[in-house]
Student: 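Pasting a structure here, questions to come.
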Amino acid sequence: MLSLLGNIYGKVANLRNRLYDRGVLDSFDLGSRTISIGNITTGGTGKTPLVAYVANILAERGEKVCILTRGYGRENPKQRVLVSDGNEIFASVSEAGDEPFELAQKLIGKAIIIADADRVAAAEWAKRKFGVTAFVLDDGFQHRRAKRDVDIVCIDATNPFGGGKMLPVGRLREPLKNLARANAIVITRANMIENTSDFKSQISNFALGAPVFEAENLISNIIVLEEFHAGAAKTQSFDIKKCAFAFCGVGNPDNFFNQIRLEGINVVASDHYPDHHRYSQKDIQKQESAANRANADFLITTAKDAVKLSNLRFEIPIYVVEIKMKLIDEVSFAALL
């Protein structure tokens with residue numbers, strides 16, 4: 001039954017793409033250079049760090065940058081929310097969604113952030129209000145209603161094709177042949193596997209002529225939760241030899257756990273929640289109890305999770321891991337933008 005549903009899902013995705021290709025469904029120019037960053041699978045592919053990376057490059061060129069995002073998991077998904085005007089954050093994490101809020105914190109002074117399911121209308125409003133000169137579409141590969149100048153697709157090196165099957169059997173959002181639409185592919189977390197050459201050649205079979213870049217996801221900061229919320233920039237005193245209890249609510253929790261172990265953090269136990277999980281005090285009590293049973297000295301989580309923990313109490317020290325992206329060929333990648 002699930003295989004049948006996956007087959008139907010793939011056919012619907014292909015039909016929708018054909019309707020856009022033939023002009024039956026309209027795509028709209030946003031009026032400024034538009035860079036789309038998306039993926040072909042569900043779950044965490046390292047897309048958010050790449051969105052921040054691209055926004056930084058554009059801002060450094062003097063562009064007035066606006067990130068347009070749907071804002072998954074926010075309390076009113078139909079409402080347009082100005083998360084940040086580039087200088088100040090105006091929305092709470094529940095109003096903005098966890099990833100838009102995290103981006104707003106990272107990109108103060110660099111980018112406007114707007115959460116709106118209708119990104120075409122949001123772009124028109126942003127141009128009038130802020131004079132935007134460059135748009136970045138967050139999770140834009142399937143959002144074909146908005147035209148783009150550059151279509152970038154993230155593929156996770158640790159699970160590149162989501163099992164090779166369509167939703168709901170696997171994690172593919174559309175058939176792999178549709179990578180042909182991409183102008184560039186970025187293999188994320190390339191530093192977490194031994195060799196990317198095998199599936200780089202597979203990617204090239206679908207994304208004909210598109211350059212394939214490798215990117216490393218690296219820890220940029222490990223900081224206590226209170227200082228994270230205060231916007232501190234320096235890594236706090238952190239004893240890597242002590243025992244950590246890791247938890248998160250992200251699309252691919254194993255990637256987070258493996259990443260911090262790769263950096264030498266002694267993770268003695270871990271737990272995870274569904275992507276975009278909203279934490280309660282009861283959740284924290286559960287994590288602390290589990291940490292105590294595992295004789296952990298502290299809790300550790302992601303920045304995406306940490307933005308949702310500001311009003312909760314902790315009896316055990318908690319640290320936040322911030323991730324940055326490093327492109328192997330930065331110059332060639334930047335030239336595409």
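Only heavy atoms go into these numbers, but all of them, side chains included; no hydrogens, no water, no symmetry mates. Residue numbers count from 1 along this sequence.
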Student: What residue among Asp149, Ile152, Val150 forms side chain to side chain contact (heavy atoms under 4.5 Å, CB included) with Asn183?
Tutor: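 The passing option is Val150.
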Student: When the aromatic ring centroids of His143 and Phe141 are compared, is their separation below 6.0 Å?
Tutor: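 Aromatic pair excluded; centres sit 6.0 Å or further apart.
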Student: Indicate yes or no: at least one non-hydrogen side-chain atom of Phe314 is less than 4.5 angstrom from one of Phe298.
Tutor: no
Student: May I have all residue pairs that pass ring-ring contact (aromatic ring centres under 6.0 Å, His included) and include part of residues 196-225, sequence neighbours excluded?
Tutor: Phe213-Phe333
Student: List the residues meeting side-chain hydrogen bond (donor to acceptor under 3.5 Å, both in side chains) with Lys47, not counting sequence neighbours, and say none if there are none.
Tutor: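 Lys47 satisfies side-chain hydrogen bond (donor to acceptor under 3.5 Å, both in side chains) with Asp138 once adjacent residues are dropped.
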Student: Under the side-chain hydrogen bond (donor to acceptor under 3.5 Å, both in side chains) test, which residues partner Asn159, sequence neighbours left out?
Tutor: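 For Asn159 there are no side-chain hydrogen bond (donor to acceptor under 3.5 Å, both in side chains) partners, ignoring immediate neighbours.
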Student: If every non-hydrogen atom of Ser27 is compared with every non-hydrogen atom of Arg144, which pair is closest and at what distance?
Tutor: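 Taking Ser27 first and Arg144 second, the nearest heavy atoms are OG-O, 2.6 Å.
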Student: Would you check if Glu99 and Thr69 make a side-chain contact, meaning some heavy-atom pair closer than 4.5 Å?
Tutor: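 Side chain of Glu99 against side chain of Thr69, heavy atoms only: no contact under 4.5 Å found.
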Student: Are any of the side-chain nitrogens in Lys308 or Glu102 under 4.0 Å away from the carboxylate oxygens of its partner?
Tutor: no
Student: Less than 4.0 Å between a side-chain N and a carboxylate O, is that true for Asp151 and Arg148?
Tutor: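 Judged by the 4.0 Å cut-off on N to carboxylate O distance, Arg148 and Asp151 do form a salt bridge.
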Student: Less than 4.0 Å between a side-chain N and a carboxylate O, is that true for Lys286 and Asp271?
Tutor: yes
Student: For the pair Asp254 and Arg261, find out whether any cationic side-chain nitrogen is under 4.0 Å from an anionic carboxylate oxygen.
Tutor: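 A salt bridge is absent here (no side-chain N lies under 4.0 Å from a carboxylate O).
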Student: Please determine if Asp139 and Arg173 form a salt bridge, counting it only when a charged side-chain N lies under 4.0 Å from a carboxylate O.
Tutor: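 Result for this pair is yes, salt bridge flagged.
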Student: Side chain of Tyr279, backbone of Gly249: donor and acceptor closer than 3.5 Å?
Tutor: yes
Student: State, with a plain yes or no, whether a side-chain heavy atom of Val321 is found less than 4.5 Å away from one of Glu263.
Tutor: no
Student: Are Lys200 and Glu214 close enough for a salt bridge, meaning some N to O gap below 4.0 Å?
Tutor: yes
Student: Within a strict 4.5 Å, meaning less than it, do heavy atoms of the Asp26 and Phe28 side chains meet?
Tutor: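 SC-SC contact between Asp26 and Phe28 confirmed.
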